[in-house]
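Bear in mind that the values here come from a model prediction, so they are computed numbers and not experimental data. Reminder, nothing fancy here: chain letters follow the sequence lines and each chain counts from 1.
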Amino acid sequence: MASKIQPVKGTREFYPEQMALRNFIYEKVRAASQKFGYQEWDAPFIEPIDLYAAKSGEELVKKQSFTFTDRGGDFVTLRPELTPSLARMIAAKQGELTYPLRWWSFGPFWRYEQPQKGRSREFFQWNIDMLGVNSPEADAELIAVAATFLRSVGLTPERAAIYVNNRRLMDSEFDTLGIVAEKRLDVSNLVDRRTKMDSAKWDAYALELGLSQAQLDGLKNILGNFDLWKNSDELVRLFATLEALGVRDYVKFDPNIMRGLLYYTGTVFEAFETSGSLKRAIMGGGRYDNLLADVGGQPLSGVGFAMGDVVAGIILQEAGLLPEFVPTPAAVLVTVFDESMWLKSFELAAQLRDAGVNAMVFPEPAKLQKQFKFADKMKIKLALTVGPDEAANAQVAIKNLMTGEQITVKREAVVSEIQKIVG
RNA sequence: GUGCCUGUAGCUCAAUGGCAGAGCGCUACACUGUGGCUGUAGAUGUUGAGGGUUCGAAACCCUUCAGGCACCCCA
């Protein structure tokens, strides 16, 4: 305990219990991705800073990235997002890939932000994208993947919802109000802030941005109109497809969903937990038409979303949806009766492992009481003992720690007896 | 990067300027061939760290670190 060096701010240490949560999320992510036929891939964790500088704002590169100069003098950064790497990798092999391309990934990312609940500086993120098809039906598939994940972890439509909007729809509504194209970004930010400001201040802010009173009233009408999607052919087709895919109950139209990202061009969506303490998005994504052209590739449209493990983990924990933590993968503890029986215990454990049973041997001939206590704490189901009596008759004592029953069986029958109990 | 709140035993927390405590957990024994339950006993500690005020600081002041909340941002 002499050393007091702390972990880096905003990082998390994965003790076995947290590791189990991370793996749980990973398994569910993989299952949902593979159910729809997506391939797993990954990109480097360290990238040249220019990869992001080209497309992203100064905020990202200068303030929110872990950047450093390597020993060769190159400026590099721990990846803050995956999409630029995706765009580069596709552009590099654009002609030889098979489209539509369906790729997913789950890996670490770093952002130099102020840590708080649901936001750390080092986190894992699920990214999933389909490229090469530009249709609302493809958008619907990605939303269905997201819904499939939510369902698979036990988040019902009452508990989690995916809110959908469409940039093109909003742009055309803005046009109708006479809001010029140059103001769209400001108006998007305005919409994003609506839930965070009180309405009088929000109105004042809108007028400050140069909207007329008539435009402001019109904007409020749009943002309150939850049937607006019926004006969009894309969204009508999207919702029809979601119906067919069996996930319509998870999805709601919401004209207030804008998303900060500049590169979204069509459908955008965000998932939220509806009742919990966290008001952060579980996942978010949308359609991007220009991404590849922006990095020098041939035009290629894509749709995708990302989900961070931090928010997802907190929500699952608070909702009580995590499976019970299993401290050890060992199904069996082989006790060590005393020093003279020690090697017998090792022989027995080796026999069990050969038969495919995960088995742990207590590391020393301690009092049996202590060994059983250990087995209990590790939630091991069975304790096996070879004492002098059992050894003399080529037998093994099997105690079922869940029921307290103990039986003594012939050595050659041990594996089948264990399998009978453990299943 | 900004503002506010918090930091005490392994964990959850008490002690508001006067001897650092409780519950849970932990260790030992009852129980030297068997866990959970019960009983008895025991140890919990640089009060996040560093400095200052004071006869005396866990408490008040300053600095710093970490966490939380709200900004910023959310690629």
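- Within the 4.0 angstrom heavy-atom criterion, only backbone atoms of the sugar-phosphate kind lie near Arg193(A); the bases stay farther away.
- Between C26(B) and Lys377(A), a contact under 4.0 Å exists linking OP1 or OP2 to a side-chain N or O.
- Within 4.0 Å of Gln406(A), counting heavy atoms only, lies at least one base atom of the nucleic acid.
- Rounded to a whole angstrom, the distance from the P atom of G7(B) to that of C13(B) is 10 Å.
- Arg119(A) comes within contact range of at least one nucleobase, with a heavy-atom separation under 4.0 Å.
- A20(B) and A59(B) have their P atoms separated by 13 Å, given to the nearest Å.
- Heavy atoms of Lys370(A) sit nowhere under 4.0 angstrom from any nucleic acid atom.
- Among the heavy atoms of the strands lying under 4.0 Å from Lys399(A) is at least one base atom, whether or not backbone atoms are also near.
- RNA chain B forms stems at B:1-7 with B:65-71, B:10-13 with B:21-24, B:26-30 with B:38-42, B:48-52 with B:60-64, each a run of 3 or more consecutive Watson-Crick or G-U wobble pairs whose two key distances fall under 3.5 Å.
- Checked against the 6.0 Å centroid threshold, Trp126(A) and Phe149(A) count as a close aromatic pair.
- In this structure Phe226(A) satisfies the side-chain contact (heavy atoms from CB on, under 4.5 Å) test together with Asp254(A), Pro255(A), Asn256(A), sequence neighbours excluded.
- When heavy atoms are screened at a 4.0 angstrom cut-off, Gly284(A) is found touching no nucleic acid atom at all.
- Between G35(B) and A28(B), the two P atoms lie 13 Å apart (nearest whole Å).
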